[in-house]
Amino acid sequence: MNDTPQPLTALAGIRREFPGTDKWVYFETSARGLVPAGARDAVMRYLDDRILEGGAPATMLDRLESVRAKFAQMIGAAADEVAIVKNVSEGINAIVTSLKWQRGDNAVLCADIEHPNSIYALYNMRDRHGVDVRTVPPTADFATPIETIAKTIDANTRMVIASTVTYTTGARTDLDALARLCRERDIVLLVDGAQSVGALELDMRKTPIDAMTVGASKYLCGPYGFGFLYVRRERAERMQPGSLARYGIDLGDAHEGEKGGAQYRLMRGARRFDLGSYNYAGANALEVSLDLIAGVGVPTIEQHVLSLARAFTAGLLELKLPVMSGKVDRHFSHIVLVGKPAPGAADEAQFQAIYDHLAANRVKLSIRHGRLRFAFHFYNTLEEVEKVLSLLRGKQPI
Ligand SMILES: Cc1ncc(COP(=O)(O)O)c(C=O)c1O
């Protein structure tokens, strides 16, 4: 008997956990995900504990460690390969500043499609340490250009930064190929997972990337101010963090207020990147959505969101709308972009009018760089895709 859950069965009931889905056709997870109602109860329990008891391990450090372990499991990593950070920028900067850069070293990224947070982290290294920041153009379908990166790296390349899926064009990066390329040359591959972790599979046992960071607020359906930084153990153990605090130091079970001597031992693996006190309220909220995602399973979520994106893309093409995303299969993702690479004023006005029409009919989506961005997660349905297509055809309001 095949006991693999089928998507519809596995997803049944998920929308009930997200009351926001009753109110909106919510295609805006690329900006921020919906939060499940259970997160409110979890945060209330945490606050009650703080109000009445001052705070017990069960709602504080134990909860934090539970969330770390659950996230690690989601990405096929060990718990000590996961540090707790505040957001993607903090994760990116933790890795970028931990390299001992020398003048003349270089780092490579595709600035056109990467988030400004990654770009400025490298410019900072340029201005502080003389790092040569090499930016490469995207592929013709606006994805991370692995072949061009291969031609651009040389003996002085220390780091490559890429996103799992780009926030501007919705293109999925061929991370297996990029990871192989970097690994063969001992180049640190730092990945921004903001636009897919929680919706698309990423298994560190299969894809040998060195470091990946993600915030909780998008596809993990959690709070702002909470994120994760994965660092492969072998790589982390060769790293001296650019910022160091008590939680990054190994003093066994000693209380956090204890001091060691002037010589210290760093925590194992990625834990050396943990800094001070944690966002415990956030950990309590996030555990609820991590459990919901794990309950369905990321492979099932991936299958579901890709099938929604395929159906939506086909409908948009029938309407002769300019779909920028999904032109090459291996770059296809759950994010659909409608717009032009360099929109003129007339294009921007047309897309703004479509945006306004959808927003007036209770559809949430984003506009980025004059393009419409539709993003799917496990609480979205094919019926919603059809409703939005029918709105675009100028039919019945939802
Ligand atoms: C690709 C990408 N990276 C990073 C971020 C955000 O970074 P941070 O979590 O530091 O605010 C976003 C979106 O807000 C994003 O789309």
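Both counts, for ligands and for their atoms, begin at 1 and track the order of listing. We count residues from 1, following the sequence as given. Just so it is clear, the model here is predicted, and its values are computed rather than measured.
Ring pair F27/H377: centre-to-centre distance not below 6.0 Å. Between F376 and F378, the gap from one ring centroid to the other reaches at least 6.0 Å.
Given atom 16 (O) of ligand 1, the protein heavy atom at minimum distance is Q195 NE2, 2.8 Å. Among all non-hydrogen protein atoms, the one lying nearest atom 15 (C) of ligand 1 is H115 CD2, 3.2 Å. Distance from atom 7 (O) of ligand 1 to its nearest protein heavy atom, with residue and atom name: N117 ND2, 2.9 Å.
Counting the atoms of ligand 1 from 1 in the order shown, those under 4.0 Å from a heavy atom of A194 are 1 (C), 2 (C), 3 (N), 15 (C). Below 4.0 Å from some heavy atom of N87 lie the following atoms of ligand 1, by number and element: 8 (P), 9 (O), 10 (O).
Proximity of E90 to ligand 1, defined as any heavy-atom pair under 4.0 Å, is not found for any part of the residue. Both the backbone and the side chain of S89 come within contact range of ligand 1, each with a heavy atom under 4.0 Å. With a heavy-atom cut-off of 4.0 Å, K218 touches ligand 1 through its side chain alone.
The nearest pair of heavy atoms linking Y247 to M267 is O-CG, 3.3 Å.
When V88, V165, V85 are checked for heavy-atom proximity to atom 9 (O) of ligand 1, V88 turns out nearest. Counting only non-hydrogen atoms, the option in I113, T213, D192 that gets closest to atom 3 (N) of ligand 1 is D192.
Between the side chains of R32 and Y224, at least one donor N or O sits under 3.5 Å from an acceptor N or O. No side-chain N or O of E114 forms a donor-acceptor pair with one of T166 less than 3.5 Å apart. For the residue pair E287 / S66, a side-chain donor-acceptor distance below 3.5 Å is found, with atom types taken as modelled. A side-chain donor from one of Y379 and T29 sits under 3.5 Å from a side-chain acceptor of the other.
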